[in-house]
Number of protein chains: 2
Amino acid sequence: MNQTKRKVKEQFHLFLSNKGLKGTLQRSLILDAFLDLDRSTHIDELYLILRGKHPNIGHATVYRALRLFASAGIAREINLGDGLTRYGVAGGRRHDYLVCNDCGTVTEFENGSIERYQAEVARSMGFTVQSLKIELRGVCNRCMAQAGRHS
Amino acid sequence: MNQTKRKVKEQFHLFLSNKGLKGTLQRSLILDAFLDLDRSTHIDELYLILRGKHPNIGHATVYRALRLFASAGIAREINLGDGLTRYGVAGGRRHDYLVCNDCGTVTEFENGSIERYQAEVARSMGFTVQSLKIELRGVCNRCMAQAGRHS
DNA sequence: CATACAATGACATTCACTTTCAAGCAGACA
DNA sequence: TGTCTGCTTGAAAGTGAATGTCATTGTATG
């Protein structure tokens, strides 16, 4: 277990005791799987990974755990409008997404200058900005390379 | 019936005959309601308006019609990740949204310079951009004014 | 320990949306 | 105009993601 992971787990335990909630085997397993994956994912992916090792883990528990991680500031909800709620590890405040239309991978990045400019445009329309999301869809370099190989 | 509306309806009839599809009373009613509304909306809003005049119109028919309008290039799907699919009239290629967290209104605008810059950033990450969506959430000036009045 | 009460998991439910299917209707062609 | 093909419709049933229910289990704390 690396340093970052240990720190996150500490943070989570602190959150639990502050709220009078309890640490359980399931939550620990789900948090491990989530952190080990180290990329944004949707719940069924985690669920399948976990079922491989622990067949008795429940669907609803994974949903509940991820929502809990989000409210603890460990995970960030990502909603790309495809009907699935994804979660990413909440380091920093990235809200710019590159979504590959081929493989579905979601890459996150942050670009402060665009956001500042965009927010200013909104203000000029009399709009008070609270949050911002930029979503770029296309083809990632990996899929592009594969497509090249086929032709 | 104004000029723009007539033009859109012509475009739709052309689309239908090209595809071997049929013009029906329902499709005409739904298209009228959609164009008359003149702002992005979700299906239930249209459905309720239509039910007022024509009680026999079906839920599924409205869904089907809007999908049809989208594939005819008349409507544009807007997916803001709140679980509702909205539709806007497809004039131009706007894909920047101001969503009011208070009243839920969706205002669309376009900002070419941001998009060009953003696409360039993506390319530098080896990503080929196909489409772009910018979503700003906050409070619109109307709601802001009302909030001011209360305090 | 013992006890209170949070958490779990199987199941049912919700919510937006889609599909099914029998009946109806549009449009082409004679 | 009549007929006939097959697209459309509407009610109801079905999907699929996510959440609620509830009896049972497990955990932290006294």
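Note: hydrogens, waters and symmetry copies are ignored here, and every other heavy atom, side chains too, is used. Lettering of chains follows the sequences in order, A, B, ..., and the numbering in each one begins at 1.
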Whole-Å gap separating P (D:dG20) and NE2 (A:His59): 14 Å
Single-linkage hydrophobic cluster, 4.5 Å side-chain cutoff, B:Phe15 and B:Leu31 together: yes
Euclidean distance, atom OH of residue A:Tyr47 to atom C1' of D:dA17 [Å, nearest integer]: 14 Å
Below 4.0 Å: OP1/OP2 of D:dT25 and any side-chain N or O of A:Gln26: no
Residue mapping more 5' on DNA chain D - nearest nucleotide basis, B:Gly20 or B:Pro55: B:Gly20
Sugar-phosphate only, base, or nothing, as touched by B:Asp44 at under 4.0 Å among non-hydrogen atoms: nothing
N/O (side chain, B:Thr61) to phosphate O (OP1/OP2, D:dG10) under 4.0 Å: yes
Separation of atom CD1 in B:Ile57 from atom P in D:dT8, rounded to whole Å: 15 Å
Backbone N/O of B:Asn79 and side chain of B:Lys133: donor-acceptor pair under 3.5 Å: yes
Euclidean distance, atom OH of residue B:Tyr63 to atom P of D:dT15 [Å, nearest integer]: 18 Å
Whole-Å gap separating C1' (D:dG16) and NE2 (A:His42): 12 Å
Nucleotide D:dT9, atom P - distance to CZ of B:Arg67 in whole Å: 12 Å
Of B:Thr85 and B:His13, the one whose closest DNA chain C nucleotide lies more 5': B:Thr85
Spacing of A:Leu46 atom CG relative to D:dA18 atom C1', expressed in whole Å: 15 Å
B:Ser17 side-chain N/O to B:His13 backbone N/O, donor-acceptor pair under 3.5 Å: yes
Plane angle bin for B:Phe12 and B:Phe69 - parallel if under 30°, tilted between 30 and 60°, otherwise perpendicular: perpendicular
Which residue lies more 5' along DNA chain C, comparing B:Arg86 with A:Arg27 via nearest heavy atoms: A:Arg27
Contact list (N/O, under 3.5 angstrom) for nucleotides 27-30 of chain D vs protein:
unit_1: D:dT27; atom_1: O2; unit_2: A:Lys22; atom_2: NZ; d: 3.0
unit_1: D:dA28; atom_1: OP1; unit_2: A:Gly23; atom_2: O; d: 3.2

Integer-rounded Å distance: D:dC7 P and B:Asn18 CG: 16 Å
Test item: A:Ser124 side-chain N/O and A:Val121 main-chain N/O as donor-acceptor pair under 3.5 Å: yes
A:Glu45/A:Arg86 ion pair, N-O < 4.0 Å: no
Sugar-phosphate, base or nothing in reach of B:Ile43, heavy atoms under 4.0 Å: nothing
B:Arg51 side chain to B:Gly58 backbone, donor-acceptor under 3.5 Å: no
A:Tyr47 backbone acceptor or donor facing A:Asp44 side chain under 3.5 Å: no
Interface limits on DNA chain C, where chain A has a heavy atom under 4.0 Å of a nucleotide atom: C:dC5 to C:dG9
Distance-only donor-acceptor test (3.5 Å): side chain A:Arg64, base D:dG20: no
Check: A:Val89 main-chain N/O paired with A:Arg76 side-chain donor or acceptor under 3.5 Å: yes
Pair A:His42-A:Ile78, side chain to side chain contact (heavy atoms under 4.5 Å, CB included): steps then yes or no: CA-CA 9 Å; A:His42 59 281; A:Ile78 305 172; over 6 Å; no
